[in-house]
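Structure first, commentary second.
Atoms within each ligand, like the ligands themselves, are counted from 1 in listed order. Treat the numbers as computed from the prediction; the structure is a model and nothing was measured.
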Amino acid sequence: MSFDIAVRKSLGDCSINVAFQSEAPLVAIIGQSGVGKTTLLNCIAGLLKPDTGRIAVEGTTLFDSKQQIDLPPNQRNCGYVFQDSRLFPHKTVKENLLYGMGRSDGSIALSLGNAVSLLDIGSLLERKPGSLSGGETRRVAIGRALLSNPKFLLLDEPLASLDNARADRIIETIERLRDELAIPMLYVSHDTNEVARLTDTVVTLD
Ligand SMILES: Nc1ncnc2c1ncn2[C@@H]1O[C@H](COP(=O)(O)OP(=O)(O)OP(=O)(O)O)[C@@H](O)[C@H]1O
């Protein structure tokens with residue numbers, strides 16, 4: 001089972017109650033703004049603690065309220081591409097990519113060269129994040145997450161605020177990750193047409 005998730009979490013006025021199991025390589029999480037999509041990803045990454053529930057990925061239990069299992073984020077082997085990318089502004093693209101390299105105990109173990117060619121970011125390596133376009137920034141953020149050698153990826157609205165051409169390139173990149181690396185991914189979006197290109201497996205938060 002790629003994902004076996006049951007999470008209840010209240011945060012401010014927001015309350016999420018979601019459960020799904022999936023073998024699919026890519027699961028889309030959709031729902032309107034403010035419904036709790038990022039909150040769910042933060043629970044899976046271990047940045048927030050669910051009130052109750054169970055989170056297992058690829059057969060490894062990351063959280064289980066009944067069994068009192070709650071692995072810290074750095075033991076979850078999770079690559080997280082944040083909605084706002086969160087690259088280190090003072091480091092070059094190459095330094096950002098190298099930052100998390102090999103921190104996790106995953107199964108993809110990409111080299112820097114492989115990641116750079118997969119994401120087509122070779123010409124950006126000596127640049128600082130402040131000089132990158134939105135699409136370039138997103139590709140570097142995906143690269144940094146992949147190079148940590150994760151067991152799974154969380155992608156939070158990776159097309160947000162990109163024009164059509166740049167969004168298309170990111171979608172193509174994610175299709176390559178899905179098909180070439182076969183790394184399980186949770187892909188958050190509010191756009192049903194966008195996710196239809198990537199997967200039939202859709203979980204709707206409401
Ligand atoms: N630390 C917090 N304290 C209180 N409320 C919070 C906190 N973090 C998030 N919320 C609220 O929880 C709700 C869900 O937020 P979340 O970011 O998970 O939504 P989302 O579905 O990802 O939204 P978007 O599509 O706009 O990114 C929102 O109403 C938000 O204001």
Side-chain angles (χ1 to χ4, degrees), residues 2-22 24-57 62-65 70-74 76 78-89 129 132-142 144-146 150 152-164 166-171 173-174 177-178 183-206:
S2 308
F3 295 102
D4 182 359
I5 309 253
V7 167
R8 279 175 185 263
K9 175 75 181 168
S10 293
L11 191 62
D13 296 335
C14 166
S15 177
I16 59 174
N17 180 5
V18 59
F20 60 92
Q21 292 182 321
S22 177
L26 193 153
V27 178
I29 313 276
I30 64 166
Q32 293 178 345
S33 181
V35 80
K37 303 180 298 296
T38 300
T39 300
L40 175 62
L41 292 195
N42 286 339
C43 287
I44 294 168
L47 305 179
L48 277 177
K49 186 173 177 177
D51 299 331
T52 59
R54 177 165 191 274
I55 297 168
V57 181
L62 309 181
F63 177 84
D64 190 323
S65 51
D70 185 11
L71 295 187
N74 62 352
R76 293 194 181 202
C78 159
Y80 196 165
V81 180
F82 296 98
Q83 197 170 348
D84 55 2
S85 295
R86 300 191 196 176
L87 297 177
F88 301 113
L132 303 179
S133 73
E136 289 166 347
T137 302
R138 228 49 75 73
R139 295 209 304 282
V140 173
I142 293 171
R144 187 177 63 177
L146 285 176
F152 64 103
L153 269 190
L154 305 175
L155 297 148
D156 195 354
E157 304 229 23
L159 307 192
S161 68
L162 298 183
D163 61 35
N164 285 345
R166 289 184 172 131
D168 269 350
R169 282 200 74 185
I170 299 288
I171 286 262
T173 303
I174 292 165
L177 300 182
R178 182 196 62 195
I183 177 168
M185 289 185 261
L186 286 182
Y187 181 102
V188 159
S189 173
H190 58 268
D191 184 339
T192 45
N193 293 329
E194 175 186 317
V195 301
R197 276 185 67 179
L198 288 167
T199 185
D200 296 333
T201 307
V202 178
V203 174
T204 304
L205 290 193
D206 49 24

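- Applying side chain to side chain contact (heavy atoms under 4.5 Å, CB included) to Glu157 and the options Gln83, Glu194, Arg138 leaves one that passes, Gln83.
- Identified under the side chain to side chain donor-acceptor pair (under 3.5 Å) test for residues 28-47, with sequence neighbours left out: Thr38-Asp156, Asn42-Tyr80.
- Between Asp70 and Arg76 there is a salt bridge, since at least one side-chain N of the basic residue sits less than 4.0 Å from a carboxylate O of the acidic one.
- Residues Leu62 and Phe152 form a side-chain contact, since some pair of their non-hydrogen atoms from C-beta on lies under 4.5 Å apart.
- The pair Asp191-Arg197 fails the salt-bridge criterion, with no side-chain N (NZ, NE, NH1 or NH2) lying under 4.0 Å from an Asp/Glu carboxylate O.
- Under a cut-off of 6.0 angstrom, the local environment of CZ in Arg54 is crowded, with over 12 non-hydrogen atoms contributed by other residues, nucleotides or ligands.
- The immediate protein surroundings of ligand 1, defined as residues with any heavy atom under 4.0 Å of it, consist of Leu11, Gly12, Cys14, Gln32, Ser33, Gly34, Val35, Gly36, Lys37, Thr38, Thr39, Gln83, Glu157.
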